[in-house]
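The structure that follows is given in the form of structure tokens.
Each chain gets a letter, A, B and so on, in the order its sequence line appears, and its residues count up from 1. Here the structure is a predicted model, which is why all the values come from computation and not from measurement.
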Amino acid sequence: KYRDKEKEKMKHKDGSADKYKDKHKEKKVTYRAHNSWRIAHNVFCCFCSPPAVKSEPEDNFYHSPKNEKSLKRERDDDIDSDFKPKKVKIENDKKVKKRKPEEEDIKPKKTKNKRAVADGKKKAKKEPEEKWKWWEEERYTDGSKWKFLEHKGPVFAPPYEPLPSQVKFFYDGKHMKLRPEAEEVATFFAKMLDHEYTSKDIFRKNFFKDWRKEMSAEEKTKLTDLKKCDFTEMSDYFKAQSEARKAMSKDAKLKIKEENERLLQLYGFCIMDNHRERIANFRIEPPGLFRGRGDHPKMGMLKRRIRPKDIIVNCSKDSKHPEPPPGTKWKEVRHDNKVTWLVSWTENIQGSIKYIMLNPSSRIKGEKDWQKYETARQLKKCVDRIRTQYREDWKSKEMRIRQRAVALYFIDKLALRAGNEKEEGETADTVGCCSLRVEHIKLYPENDGQEFVVEFDFLGKDSIRYYNKVPVEKRVFKNLQLFMENKDTDDDLFDRLNTSVLNKHLQELMDGLTAKVFRTYNASITLQQQLKQLTSAEENLPAKILSYNRANRAVAILCNHQRAPPKTFEKSMQNLQLRLTCIDTKRDQLSDAKRELKSSKADAKVRRDEKSKKTVETRKKAVERTEEQLMKLEVQATDREENKQIALGTSKLNYLDPRISVAWCKKWSIPVEKIYNKTQREKFAWAIDMAEDDFEF
DNA sequence: AAAACGACTTAGAAAGCAAGGG
DNA sequence: CCCTTGCTTTCTAAGTCGTTTT
């Protein structure tokens with residue numbers, strides 16, 4: 001056993017010697033200031049807390065697979081076959097095609113509306129098609145995403161309009177007229193002058209380099225130093241423009257609105273398989289300066305204008321193809337129904353492909369979303385087994401297995417992202433689980449009275465800082481010590497692991513399982529568990545909603561969804577103060593009203609006439625109303641306070657099975673509008689329609 | 001087997017807008 | 001009625017993960 005271990009260690013040293021390049025030596029880690037509260041408050045959520053505490057909720061939900069579903073077994077089998085998006089083995093078997101992954105109501109609807117075939121496009125346009133329930137129809141099982149697709153193509157960015165001649169640009173104090181190509185790029189910079197980006201070295205360097213590419217030979221020789229460029233007149237001009245826009249007459253504003261609506265109706269929808277569906281982003285991204293997040297090496301580079309000849313159009317052969325603008329041609333028109341995009345182009349900063357796709361309310365996005373949650377529910381059934389296994393694997397004699405097991409433990413317990421490797425120098429230096437480096441964790445055999453504490457401190461997606469101190473099990477701790485032996489701070493912590501190895505392993509544990517499923521699963525199960533725990537029947541509506549938001553917040557904390565507190569942080573604090581004063585006033589009003597009520601009651605007793613009875617009634621009502629208002633304000637204030645730098649939206653939109661929320665609303669007779677706004681209701685229409693109050697994730 | 005590519009989901013910031021309080 | 005101010009919508013960057021190419 002020990003020899004093996006040694007062998008592993010050797011491999012470690014030799015095999016990966018050149019893997020440990022000096023890659024991250026001089027990276028600057030600039031954390032956002034607002035994250036410091038996390039350190040200060042040492043925030044934990046249910047999954048970051050010690051195992052002992054954690055195991056309680058688990059018991060409620062992590063049933064062993066057998067107990068859990070003995071009754072429903074056969075049906076689950078069907079479900080399984082439904083949710084193999086890629087490897088559909090059942091090809092033409094109509095019987096298996098029932099698209100209901102939901103156990104409760106598979107049978108009734110399956111033959112109702114067959115997906116109509118690819119010809120009735122005209123008709124689809126006519127009928128406004130009030131609320132198509134795609135979730136009651138069959139799904140494709142052959143890997144195709146649609147049979148018919150017609151759209152009008154993208155809307156291009158408006159062409160550049162040269163500045164009026166009175167708006168001048170100065171170089172080294174002297175007026176200089178730029179030719180339009182160079183002037184346009186200059187305006188991009190001018191528009192960002194107030195932003196701190198423009199003071200960053202890399203941004204300025206990248207911008208200037210790309211700007212010079214747009215200059216004439218003459219301009220190039222003259223303009224050699226960005227510091228000598230004076231964009232203030234341009235900047236002021238644009239500010240004035242936006243002021244003018246704000247101050248426009250109602251009429252003019254309406255006109256613009258109408259024009260936007262016209263554009264939306266024309267370009268904002270497509271016809272996919274007989275249904276008119278909303279497109280998410282039908283406008284091509286306008287040119288401008290690239291704004292990466294965090295310490296991005298390419299910030300400030302010129303994002304070039306996209307022209308028709310950059311565009312690949314995807315639609316069905318028998319559709320009316322979109323026309324390129326007069327005098328131009330598309331790069332290509334293709335008819336690929338194995339993909340969901342309508343338009344694509346290659347972007348020049350990273351060389352990646354950008355797409356125009358459908359709105360989240362569309363069938364094609366909704367089905368996928370639904371399926372995502374079904375996969376997570378599958379994980380629920382086998383998560384106990386998987387957890388047992390990775391704990392076993394902590395003892396493996398193979399280094400790669402141990403690393404895999406510890407990484408998986410982090411992904412499960414802390415909801416970390418998988419952490420693909422990234423090309424160095426192309427993007428900001430951020431990491432996820434598999435790409436953690438030695439410098440990102442600290443080990444404390446003992447810390448604040450807890451044993452085996454791991455301190456995480458790294459920049460994750462979007463350069464959002466992840467900071468957490470977590471007690472772990474002894475075996476994990478010992479393993480981490482082993483992984484860190486003889487390594488430099490910028491070496492990979494899991495040097496024998498990457499996301500593709502991990503996901504291959506997960507695939508073997510459960511069909512469709514990947515690292516991100518754990519995030520979805522843990523987020524949703526946490527919501528369900530927290531809702532159960534926090535909601536009490538006696539509470540009134542605002543209090544229940546506060547409970548919902550708190551449950552939501554637990555998830556957001558788990559997933560580390562942060563937001564920058566508004567720039568006017570101080571001001572918002574003042575506002576809160578104001579709100580509190582407001583509440584106080586309400587409180588006074590309330591006691592006044594109560595006193596009045598009492599006196600009028602007494603009055604009524606003496607007089608016993610209709611009039612005084614009425615007064616009692618109205619005063620009673622007044623008290624109730626004020627009480628309600630007070631409650632509402634208090635709740636609002638607490639909610640906001642607790643929410644200061646936590647963003648609930650992302651988890652609500654991407655991680656929480658909407659059926660949990662819908663079921664909760666039904667159970668407590670809370671209008672779903674209190675939880676989901678219009679957009680969200682559109683996206684989750686399937687869940688709102690199908691989830692009953694007894695839905696269990 | 002590793003690098004590159006392609007398609008798709010997830011993400012926070014900024015822009016736009018409406019509603020409620022002074 | 002105006003003006004914040006907070007919510008919604010838009011925007012597009014930045015991930016994940018499977019497939020294809022080298």
| said: Using a heavy-atom cut-off of 4.0 Å across all strands, would you classify A/Ala515 as base, sugar-phosphate, or nothing? | reply: sugar-phosphate

| field | Spacing of A/Glu259 atom CD relative to B/dG16 atom P, expressed in whole Å | value | 16 Å

| task | Could you check whether A/Arg245 gets within reach of a base, just the sugar-phosphate, or nothing at all, counting any heavy atom under 4.0 Å? | result | nothing

| field | Shortest side-chain distance from A/Phe290, nucleotide among B/dA7, B/dT10, C/dA14 | value | C/dA14

| field | Side-chain (A/Asn359) to main-chain (A/Arg278) donor-acceptor, under 3.5 angstrom | value | no

| said: Of the options B/dA7, C/dT12, C/dG15, whose atoms approach the side-chain atoms of A/Asn281 most closely? | reply: C/dT12

| request: Quick one: label A/Tyr655 by what it contacts on the DNA or RNA (base, sugar-phosphate, nothing), any heavy atom closer than 4.0 Å. | output: sugar-phosphate

| task | Would you mind classifying the nucleic acid contact of A/Thr340 as base, sugar-phosphate or nothing, using non-hydrogen atoms under 4.0 angstrom? | result | sugar-phosphate

| said: Measuring from the side chain of A/Thr430 (C-beta onward, heavy atoms only), which nucleotide among B/dA7, C/dG15, B/dA18 has the closest atom? | reply: C/dG15

| Under 4.0 Å between a Lys/Arg side-chain N and an Asp/Glu carboxylate O for A/Lys246 and A/Glu243? | yes

| field | Sugar-phosphate only, base, or nothing, as touched by A/Arg417 at under 4.0 Å among non-hydrogen atoms | value | sugar-phosphate

| message | Distance criterion of 3.5 Å, no angle test: do you see the side chain of A/Lys354 paired donor-to-acceptor with the base of C/dT12? | response | no

| said: Considering every strand and a 4.0 Å limit on heavy-atom distances, what is the contact class for A/Ala418: base, sugar-phosphate, or nothing? | reply: sugar-phosphate

| remark: Among B/dG6, C/dG18, B/dT10, the one nearest any side-chain atom of A/Asn654 is B/dT10

| message | Quick test of your reading of the model: are A/Lys678 and A/Glu682 salt-bridged, counting only N-O distances below 4.0 Å? | response | yes

| field | Closest listed nucleotide, where the reference is the side chain of A/Lys145 and the choices are B/dA11, B/dG6, B/dC8 | value | B/dC8

| said: Let's see if you can work this out: which of C/dT16, B/dA7, C/dT10 has an atom nearest to the side-chain heavy atoms of A/Met357? | reply: B/dA7

| Between A/Leu513 and A/Arg291, which has a closest nucleotide on DNA chain C that is more 5'? | A/Arg291

| request: Specify whether A/Tyr466 and A/Phe456 have parallel, tilted or perpendicular ring planes, treating 30° as the upper limit for parallel and 60° as the lower limit for perpendicular. | output: perpendicular

| End axis versus end axis in the helix from B/dA1-C/dT22 to B/dG22-C/dC1, the angle rounded to 10°, five pairs used at each terminus | 10°

| task | For the residue pair A/Tyr140 and A/Asn337, confirm or rule out a side-chain donor-acceptor distance under 3.5 Å. | result | no

| Can you name the nearest heavy-atom pair linking A/Glu285 to A/Ile306, along with the distance? | O-CG1, 4.4 Å

| query | Of all the choices, C/dT8, C/dC17, B/dC8, which nucleotide is nearest to the side chain of A/Asn677 once you look at every atom? | reply | C/dT8

| query | Base, sugar-phosphate, or nothing for A/Lys516, non-hydrogen atoms under 4.0 angstrom? | reply | sugar-phosphate

| said: Considering every strand and a 4.0 Å limit on heavy-atom distances, what is the contact class for A/Pro360: base, sugar-phosphate, or nothing? | reply: nothing

| request: Consider the side chain of A/Arg283, meaning its heavy atoms from C-beta on, and name the nucleotide among B/dA11, B/dT10, C/dC11 that approaches it most closely. | output: C/dC11

| request: Could you check which of C/dT12, B/dT9, B/dA11 has an atom nearest any side-chain atom of A/Lys365? | output: B/dT9

| message | Can you give me the closest heavy-atom contact between A/Asn281 and A/Met357, atom names plus distance? | response | OD1-N, 3.3 Å

| message | Does A/Gly351 reach a base, just sugar-phosphate, or nothing at all? Heavy atoms under 4.0 Å. | response | nothing

| Proximity to the side chain of A/Lys303 - top-ranked nucleotide from C/dT12, C/dT16, C/dA14 | C/dT12

| message | Using 30° and 60° as the class boundaries, would you call the ring planes of A/His440 and A/Phe458 parallel, tilted or perpendicular? | response | perpendicular

| request: Using a heavy-atom cut-off of under 4.0 Å over every strand shown, decide if A/Gly460 touches base, sugar-phosphate, or nothing. | output: sugar-phosphate

